[in-house]
Amino acid sequence: MTADSSHRPAKAGPATLITVAPTGAESEKAAVPALPVTLDELVTTAKECQAAGAAVIHVHIRDNEARPTLDPGRLTATVQALREGTDLIVQLSTGGAVTDSFDRRLAVLDAAPDACSLTCGTVNFGDDVFMNPWPFIRDLYALTKERGVVPEFELFDFGHIATLHRLLGDLGEPAGGHVHCDLVMGVPGGMPGDTATLAAAVAALPAGSTWSATGIGRTTLPVMLAALSAGGHLRVGMEDTTSFARGRPVTSNAELVSRAASAAELAQRPAMSPAAARDMLQIPVAGGSK
Ligand code: KMH
Ligand code: ZN
């Protein structure tokens, strides 16, 4: 892997990696009753999503009042429960909620997940600001390397791609040696979720990297279709959209994964198994060899 941007990113393999982001930190349970917020709900959702074609789960957790939390004990219990109940790659969010401190976000790695999100820059986030200054990005990346946790680079805007190149240039390759990115598109304040933007972003990614894309809200379908047509992978889930179609709320995360798996099948790049995803992302099975 090199951080040289003069080459195109690696072509995707024959299968499509589907990540499910089932909960997020923004939606309220009262407004979105189908949102999984308890550990039982999360594990049930995870099993359904694995059966529907997901290979990775991007996890935010909630407290007893269904508010977002980065409580270390809860995070550890969540990682364990997901490992016991599924084969999914467990990717904890280090983004948390916009109100979470940098220290709390770094401490997410104490739960020893397989993988974690790592956002490569600050971005306006609706009426809020999702803060990711360079020193924090560096510290978090250094910690992922120290702990052997594989990062997924979350890119909300083009400046984040430049920062990813800087990060790889300064600190070297990630744990596992493979760079995987997620283009998060359509956030109010970030890059728009359309085909032209996706194509330009993909062209700027580090050589040899793989990538997925997710479109927030109404950009979900355009981004999914653009990503498949460009050879990328997919992230879907109720973190990113709570509407399945105009006027029709999402009833479960599994239906979003099923729709993504059907689209991938149609593109003749069917959903990737968790084992194949571990191979692609260079993530060993927890407690064993890869
Ligand atoms: N909840 C957002 C403020 C991540 O998980 O790493 C940040 C986010 C990104 O969802
Ligand atoms: Zn997230």
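Order of listing sets the numbers, starting from 1, for every ligand and every atom in it.
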Trainee: Out of all atoms in ligand 1, which are within 4.0 Å of some heavy atom of His60? Include the element for each.
Mentor: 1 (N), 5 (O), 10 (O)
Trainee: Among Leu88, Ile89, Val59, whose side chain to side chain contact (heavy atoms under 4.5 Å, CB included) with Leu82 holds?
Mentor: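 Answer to the side chain to side chain contact (heavy atoms under 4.5 Å, CB included) test with Leu82 among Leu88, Ile89, Val59: Val59.
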Trainee: Report, in ascending order of atom number, the atoms of ligand 1 lying under 4.0 Å from any heavy atom of Glu26.
Mentor: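 Ligand 1 atoms under the 4.0 Å threshold to Glu26: 1 (N), 2 (C), 3 (C).
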Trainee: Please name the residue in the list His160, Glu154, Arg105 that meets the side chain to side chain donor-acceptor pair (under 3.5 Å) test with Asn132.
Mentor: Arg105
Trainee: Of all the non-hydrogen atoms in the protein, which one sits nearest to atom 6 (O) of ligand 1, and at what distance?
Mentor: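 Going atom by atom, the protein heavy atom closest to atom 6 (O) of ligand 1 ends up being Ser117 OG, 2.6 Å.
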Trainee: Suppose I only count heavy atoms of Ser93 and a 4.0 Å limit; which atoms of ligand 1 are within that range?
Mentor: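 Going through ligand 1 atom by atom, the ones under 4.0 Å from Ser93 are 4 (C), 5 (O), 6 (O).
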Trainee: What are the atoms of ligand 1, with element, lying closer than 4.0 Å to any heavy atom of Phe125?
Mentor: 2 (C), 3 (C)
Trainee: Taking only heavy atoms of Gly95 into account, list the atoms of ligand 1 that are under 4.0 Å away from them.
Mentor: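 Taking each heavy atom of Gly95 in turn, ligand 1 has 4 (C), 6 (O) under 4.0 Å.
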Trainee: Under a 4.0 Å N-O cut-off, is there an ion pair linking Arg235 with Glu239?
Mentor: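 Counted as a salt bridge, because a side-chain N and a carboxylate O are separated by less than 4.0 Å.
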Trainee: Among all protein heavy atoms, pick out the one at the shortest distance from atom 10 (O) of ligand 1; state its residue, atom name and that distance to 0.1 Å.
Mentor: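 The protein heavy atom lying closest is Glu239 OE2, 2.9 Å.
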Trainee: Under 3.5 Å, is there a donor-acceptor pair linking the side chains of Thr76 and Gln80?
Mentor: no
Trainee: With hydrophobic residues grouped by side-chain heavy-atom distances under 4.5 Å, do Ile18 and Val20 end up in a single group?
Mentor: yes
Trainee: Does the separation of the ring centres of Tyr141 and Phe136 fall below 6.0 angstrom?
Mentor: no
Trainee: Could you tell me whether ligand 1 has any atom less than 4.0 Å away from a heavy atom of Ala21?
Mentor: no
Trainee: Are Met191 and Ile216 co-members of a hydrophobic cluster defined by side-chain heavy atoms under 4.5 Å apart?
Mentor: no
Trainee: Considering only N, O or S atoms, which atom of Glu239 is nearest to the Zn ion (ligand 2)?
Mentor: OE2
